[in-house]
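Following this message is one structure expressed as structure tokens.
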There are 2 protein chains.
Amino acid sequence: MLSDSPGASRISEATAQRIRETAERLGYYPNVAARRLASSRTDLVGVLADTFFYSISLRRLEATTRALLKGGYQPLVWAADWSPDGWTQAHSILASNSAAGAVLLGPTYPVPTTEIARGLTGAGIPTVSFDAGDGLPGAGVDRLGAFYELTRAAIGAGHTKIGYLQPGQVTQPDVLRMAGIEAAVSECPHVTLVTFHPFPADAPPAREHSRDLGFETGRLGAHRYLEDDHPPSAIICYSDDVAISFMHTVQSAGVKVPEDVAVFGFDGLPESSCSYPPLTTIEQPVDAVGAAAVGSLLSLINVPDTASEEYRLLPGRLIARESTGTLPRFPQDGDGPVDPKPHDG
Amino acid sequence: MLSDSPGASRISEATAQRIRETAERLGYYPNVAARRLASSRTDLVGVLADTFFYSISLRRLEATTRALLKGGYQPLVWAADWSPDGWTQAHSILASNSAAGAVLLGPTYPVPTTEIARGLTGAGIPTVSFDAGDGLPGAGVDRLGAFYELTRAAIGAGHTKIGYLQPGQVTQPDVLRMAGIEAAVSECPHVTLVTFHPFPADAPPAREHSRDLGFETGRLGAHRYLEDDHPPSAIICYSDDVAISFMHTVQSAGVKVPEDVAVFGFDGLPESSCSYPPLTTIEQPVDAVGAAAVGSLLSLINVPDTASEEYRLLPGRLIARESTGTLPRFPQDGDGPVDPKPHDG
DNA sequence: CTGAAAGCGCTTACAG
DNA sequence: CTGAAAGCGCTTACAG
């Protein structure tokens with residue numbers, strides 16, 4: 001079979017065309033297994049995650065798959081399901097399949113991303129991070145910047161006591177969120193920060209409500225908020241899921257959003273535009289991050305000597321909606337991202 | 001390498017154990033490509049969809065992947081992206097990879113599922129349908145039954161003019177929805193049905209808002225509703241996305257839900273519990289359907305002579321919430337599924 | 001029951 | 001530039 005990869009072939013285009021036609025007529029398909037064995041190269045790229053239970057991780061999976069397919073690679077999907085053993089299995093599957101590379105969708109819980117990446121690159125499998133934190137090449141949304149911006153917006157709107165609703169497990173992305181919030185708060189001495197931990201620290205996620213863990217987090221976080229005698233007037237939530245569920249639960253208890261408490265989300269999923277009230281959030285550029293992460297992997301595969309250990313940070317986009325009341329406009333570079341209009345026009 | 005598949009091996013367990021230990025110490029991994037080439041069998045199963053743009057299709061992808069991995073098979077993911085050409089490519093990828101089978105995640109637009117399945121089974125690739133309609137083995141949620149039940153609930157609540165908000169493209173699953181609604185309506189002569197088509201019939205989906213097409217559908221459908229001089233008092237929506245967006249848009253125009261219009265969804269995604277008001281919907285048993293579809297594929301692969309052309313229909317579960325006001329209880333088999341309590345306890 | 005040989009369908013150096 | 005041979009790492013029939 002003619003392999004179309006080596007660019008300029010040795011045979012004429014007309015001949016190649018005739019071969020292709022004959023091949024199609026005969027129902028011939030090149031044998032991928034034989035090709036891989038002979039060339040000792042594959043077009044397989046592992047797409048590894050600790051879980052695909054959240055909307056946002058499924059979006060990442062989709063973005064990665066799309067970028068890989070577009071680049072001529074086949075995704076090899078694997079979910080470790082929060083088990084250290086799962087990551088070991090992922091490694092052996094990639095090794096057995098002679099995978100050309102791997103994309104780690106972050107965060108990788110409970111095994112640190114850098115540890116997994118070290119194992120894979122040590123086995124000759126170039127590995128990049130997709131929102132799994134730096135320490136290896138790849139790309140991610142700028143969480144620190146995003147949460148800095150959310151906090152600045154809350155402060156700018158006059159809030160002096162700001163709450164942060166944390167997730168169940170503390171992973172690197174969460175550390176970045178906290179860092180962004182704290183950076184903004186530390187600039188304003190009159191502003192205090194309180195954190196809400198809905199789950200016991202570092203509790204492993206329970207499989208029972210794993211599929212709507214974000215919603216459960218928001219619900220439990222709302223109860224912590226309601227128990228608070230002097231609750232903050234603004235709450236920054238880990239994610240949109242958490243924020244939507246938080247609003248729903250406190251509203252059931254008679255709390256008004258945004259009058260009593262302004263609520264900020266993070267992710268920018270479509271559903272955030274139809275929550276009650278519509279959610280102020282920062283949209284993650286999932287497709288762009290996926291394209292950047294895959295792009296850096298492909299260059300790592302094709303030009304192994306490029307020690308381009310770069311981790312690209314892409315900015316999120318603030319979408320101001322009713323859940324925070326009116327937000328002041330901050331002067332921005334280019335002044336593009338802030339969109340004070342509600343979603344439906 | 002010792003292949004663990006043939007069950008009782010020729011060597012003792014102790015020896016096998018020593019081999020495994022040595023293999024691990026040496027960092028040996030069996031070469032999957034060589035194994036596939038030699039045995040002319042693979043553990044690859046195609047997971048094919050027209051798109052992964054919707055929350056529910058990503059959930060199906062996740063359920064299928066999980067079931068496949070659990071059964072010892074590797075998913076080979078492919079999205080045709082609404083292109084007939086995409087389906088042709090899917091076929092050649094599966095053939096080139098000597099895939100052991102395929103799961104079609106429905107609906108397959110614009111190529112009919114049965115046509116794709118015929119091509120694949122003709123090429124020796126057993127194929128099942130996951131919510132892609134019958135005509136081939138597999139499994140799906142009982143859409144006809146679900147929409148019958150939703151309509152019965154609306155009628156039971158006293159609505160005599162019921163609206164159905166259709167999606168952009170009419171596919172087989174949508175035909176089943178309509179059939180369920182019409183069956184219930186035809187039983188009650190005093191009830192009339194009106195349908196809302198937000199998009200021109202059979203318009204191909206626009207890539208621009210493909211990722212939040214459900215929300216766009218709800219928004220446009222709401223405008224049709226608002227233009228109506230004698231609008232129905234109950235609206236059954238194609239999906240949760242559509243319903244949530246519909247409610248949001250009509251509420252912006254001053255319409256009260258459920259007082260002015262009762263809204264019914266379908267899917268039972270977590271976000272439906274936190275909409276405003278919380279959405280009455282039917283939950284799809286995605287994991288169970290995925291397990292059933294994969295189960296039927298595996299039996300097709302392992303026992304090819306079983307002409308088990310069965311398409312299993314799994315029932316959805318009605319979750320009554322505030323978007324429809326109080327719903328009367330229908331006597332049910334076992335009387336279990338109806339849950340009149342709102343989500344948060 | 002065991003071991004050595006053939007062969008799966010390609011790619012890749014290597015003679016011609 | 002072209003064609004025939006070797007070989008990728010396994011599995012599988014097939015002699016012993």
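Just so we're on the same page: letters track the sequence lines, and every chain starts at 1.
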**Study point:** Atom-pair distance (CZ on B/R36; C1' on C/dC10), nearest Å
**Key:** 15 Å

Review point. Counting side-chain heavy atoms from CB outward, which of D/dC10, D/dT12, C/dC10 is closest to B/S39?
Key: D/dT12

Check your understanding: So, is B/R41 near the phosphate of D/dT12, with a side-chain N or O under 4.0 Å from OP1 or OP2?
Key -> yes

Check your understanding: Under the criterion side chain to side chain contact (heavy atoms under 4.5 Å, CB included), which of A/L69, A/V103, A/T64, A/V294 is the partner of A/P75?
Key -> A/L69

Review point. Where are the stems of DNA chain D, defined as at least 3 consecutive Watson-Crick or wobble G-U pairs with both distances under 3.5 Å?
Key: C:1-3 with D:14-16, C:5-12 with D:5-12, C:14-16 with D:1-3

Review point. So, is A/Y29 close to the C/dC10 phosphate, meaning a side-chain N or O under 4.0 Å from OP1 or OP2?
Key: no

Review point. At under 4.0 Å between heavy atoms, what does A/S40 touch on the DNA or RNA strands: base, sugar-phosphate, or nothing?
Key: nothing

Exercise for review: In whole angstrom, give me the gap between the P atoms of C/dG16 and D/dG7.
Suggested key: 16 Å

Check your understanding: Salt bridge between A/R143 and A/D174, side-chain N to carboxylate O under 4.0 Å?
Key -> no

Exercise for review: Using a strict 4.0 Å threshold on nitrogen-to-oxygen distance, state whether A/D43 and A/R36 make a salt bridge.
Suggested key: yes

Revision key, fill the gap. Rounded to whole Å, CG of A/L37 lies from C1' of D/dG7 at a distance of 9 Å

Review point. Quick one: which of A/L48, A/L105, A/L61 gives a side chain to side chain contact (heavy atoms under 4.5 Å, CB included) with A/V77?
Key: A/L61

Check your understanding: To the nearest 0.5 Å, how far apart are CG in A/D287 and CD in A/E62?
Key -> 6.5 Å

Just distance, no hydrogens or angles: give the donor-acceptor pairs under 3.5 Å from side chains in residues 94-102 of chain A, sequence neighbours left out.
from: A/S96; atom 1: OG; to: A/S92; atom 2: O; distance (Å): 3.1
from: A/S96; atom 1: OG; to: B/P30; atom 2: O; distance (Å): 3.2
from: A/N97; atom 1: ND2; to: A/I93; atom 2: O; distance (Å): 2.8

Practice item. With the side chain of B/N31 defined as its heavy atoms from C-beta on, choose the nearest nucleotide among C/dT12, D/dT11, D/dG9. Key: D/dG9

**Study point:** Residue B/A38, side-chain heavy atoms: nucleotide from C/dT11, D/dT12, D/dG9 that is nearest
**Key:** D/dG9

Practice item. To the nearest Å, give me how far apart CG (B/N97) and P (C/dG9) are. Key: 15 Å

**Study point:** Euclidean distance, atom CZ of residue A/R35 to atom P of D/dG7 [Å, nearest integer]
**Key:** 22 Å

Review point. Is the ring centre of B/W87 less than 6.0 Å from the ring centre of B/Y109?
Key: no

